[in-house]
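Keep in mind that what you see is a predicted model, and the values were worked out from it rather than measured. What's counted below: heavy atoms across the whole structure, side chains too, no hydrogens, waters or symmetry copies. Letters go in sequence order (proteins before strands), and every chain restarts at 1.
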Amino acid sequence: MLDWYDAHARVLPWRAAPGLPPPDPYRVWLSEVMLQQTQVAAVIPYFETFTTRWPDFAALAAADDADVMSAWAGLGYYARARNLLAAARVVASAHGGRLPRDEAALRTLPGFGAYTAAAVAAIAFGQRAVVVDGNVERVVARLFALAEPLPGARAKLRYLADSITPDARPGDFAQAMMDLGATICTPRSPKCLLCPLANQCDARRAGTPDAYPVKAKKAARPVRHGTFFWLEREGAVLLVRRPPCGLLGGMRALPTGPWEAVPPGIDGAPVAADWTLRNATIRHVFTHFELHGTLATATLGRHIGAVEGEWWPIERLGEAGLPRLFAKAVEAMESVA
DNA sequence: GAGGCGTGGAC
DNA sequence: TGTCCAAGCCT
């Protein structure tokens, strides 16, 4: 694997060349968090933005929450951004501005699960750690033709990954396994002819590499319906800040009512007004449900009383840091208007 | 353990 | 215009 990595490692902004000293732990950590459930191509522009604007722990720890959340907008899984900031502040205040080198100590920081703690310990600090992500699970499941389905097989896969992890160059080994999974040992149509492990692979020998890993069936995704409220006043639209936890937590948003099995109409409108339901549908797929949204619009005069939220200039909505769902609603509004 | 938690790309 | 799923974490 290490020979293969030396010849075929992907060149990535957060990565040192194979065999060279490891890169800045801050950059390793930031990239690992951004890469959670997110593909490399989506991460690269965000990584460049973040490292330019906040080049180290001290800078990130001192950042405004709203700026970080806006910079993360569009990348998804916003709890990552909240945990990123929380971890940077712990590192700055309790660890002298440096990440702990020890996997167990890393594991206690916000947003550090089993994978990220192991990956940072191995890649940034050269410690032997068993790094198991979705790529490694797939490679190992095929290598050993493990018939037990995920997620139950996690512990066994981890044991098997441990059994092939070397003491030397653990960071390069981990990245080699992940590169192999991302480019050769892919979920569908793996390129076994190019694989350095082909001769040792049980699934390859059986002729059915894409049958692994075996997975349990997923539940169907329900559809929910909701209304986006577009409240306009003097060239501005009302935006709100979503509650700090839960779906799209902490993000700027258009006001919405409840999301239910049937269209809720103007229930949950931010103010009593002469709402018009528009003939425009916003479709957005989340991990565990699909949302079909409708627009409701209203315009206020200048003498309205206090309204919860901020009046955001319509021409500058692109700078509001809206999650994709609400950006879609804005696009739908532009097509209706 | 199982479910909540985004988004976009591949086919 | 459907399915799968990607360098997971948290409760």
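- Counting any heavy atom pair closer than 4.0 Å across all strands shown, Trp72(A) reaches no nucleic acid atom.
- Counting atom types as modelled, Arg138(A) pairs no side-chain N or O with a base atom of dA7(C) as donor and acceptor under 3.5 Å.
- Thr38(A) contributes a side-chain N or O that forms a donor-acceptor pair with the base of dG6(B) under 3.5 Å.
- One atom, OH of Tyr77(A), and another, P of dG8(C), lie 10 Å apart when rounded to the nearest Å.
- Using modelled atom types, one finds a donor on one side chain and an acceptor on the other under 3.5 Å when comparing Glu32(A) with Tyr115(A).
- The phosphate of dG6(B) has neither OP1 nor OP2 within less than 4.0 Å of any side-chain N or O from His284(A).
- A salt bridge between Arg224(A) and Glu290(A) is absent, with no side-chain N of the basic residue lying under 4.0 Å from a carboxylate O of the acidic one.
- A residue-by-residue look at Ala73(A) and Gly152(A) shows that Gly152(A) has its nearest nucleotide of DNA chain B further toward the 5' end.
- By the 4.0 Å N-to-carboxylate-O rule, Asp162(A) lies close enough to Arg128(A) to be salt-bridged with it.
- Aromatic ring centres of Phe286(A) and His284(A) lie closer together than 6.0 Å.
- Closest-nucleotide positions on DNA chain C for Gly134(A) and Lys218(A) were compared, and the one nearer the 5' end corresponds to Lys218(A).
- Here the side chain of Leu325(A) is nearest to one of dG2(C), dT7(B), dG4(B), namely dT7(B).
- Here dC5(B) presents its C1' atom at 13 Å from CG of Leu75(A), a figure rounded to the nearest Å.
- A distance of about 14 Å separates the P atoms of dT11(C) and dG6(B), rounded to the whole Å.
- Distances shorter than 4.0 Å separate some side-chain N or O of Arg324(A) from OP1 or OP2 on dG8(B).
- dA7(C) and dG3(B) have their P atoms separated by 23 Å, given to the nearest Å.
- If you measure from atom CG of Leu247(A) to atom C1' of dT7(B), you get 12 Å, rounded to the nearest angstrom.
- Among the heavy atoms of the strands lying under 4.0 Å from Val285(A) is at least one base atom, whether or not backbone atoms are also near.
- Heavy atoms of Ala174(A) sit nowhere under 4.0 angstrom from any nucleic acid atom.
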Could you give me the CA-CA distance, side-chain angles and deciding distance for Asp65(A) and Arg89(A), then say whether salt bridge (charged side-chain N to carboxylate O under 4.0 Å, His left out) is met?
CA-CA 11 Å; Asp65(A) 294 39; Arg89(A) 289 172 179 161; 3.0 Å; yes
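- Not a single donor-acceptor contact under 3.5 angstrom links the side-chain atoms of Thr116(A) to the base of dG8(C).
- Residue Leu12(A) is classed as a base contact, given a heavy-atom separation below 4.0 Å to a base.
- Taking atom CZ on Arg80(A) and atom P on dA7(C), their separation rounds to 13 Å, with Å as the unit.
- Taking every side-chain heavy atom of Arg283(A) into account, dG2(C) is the closest of dG2(C), dC5(C), dC10(C).
- A straight line from CD1 of Ile282(A) to C1' of dT1(C) spans 17 Å, rounded to a whole angstrom.
- At the phosphate of dG3(B), neither OP1 nor OP2 sits under 4.0 Å from any side-chain N or O atom of His288(A).
- In the set dG6(B), dA6(C), dA7(C), dA6(C) carries the atom at the smallest distance from any side-chain atom of Gln39(A).
- Only one option out of Thr297(A), Thr294(A), Thr227(A) pairs with Arg278(A) in a side-chain hydrogen bond (donor to acceptor under 3.5 Å, both in side chains); it is Thr297(A).
- The pair Arg15(A)-Asp179(A) meets the salt-bridge criterion, with a side-chain N (NZ, NE, NH1 or NH2) lying under 4.0 Å from an Asp/Glu carboxylate O.
- Residues Val40(A) and Leu109(A) both approach DNA chain C. Their nearest nucleotides, taken by heavy-atom distance, put Val40(A) toward the 5′ side.
- Atom pair Leu84(A):CG and dC9(C):P shows a separation of 13 Å (rounding to whole Å applied).
- If you take CG of Asp210(A) and C1' of dC4(C), they are 14 Å apart, rounded to a whole angstrom.
- If Pro151(A) and Leu322(A) are placed on DNA chain B by their nearest nucleotide, the residue sitting closer to the 5' end is Pro151(A).
- OP1 or OP2 of dA6(C) has not a single side-chain nitrogen or oxygen of Gln37(A) nearer than 4.0 Å.
- Between Ile44(A) atom CD1 and dA7(C) atom C1' there is a gap of 13 Å when expressed in whole angstrom units.
- Checking dT7(B), dA6(C), dA7(C) against the side-chain heavy atoms of Lys215(A) singles out dA6(C) as nearest.
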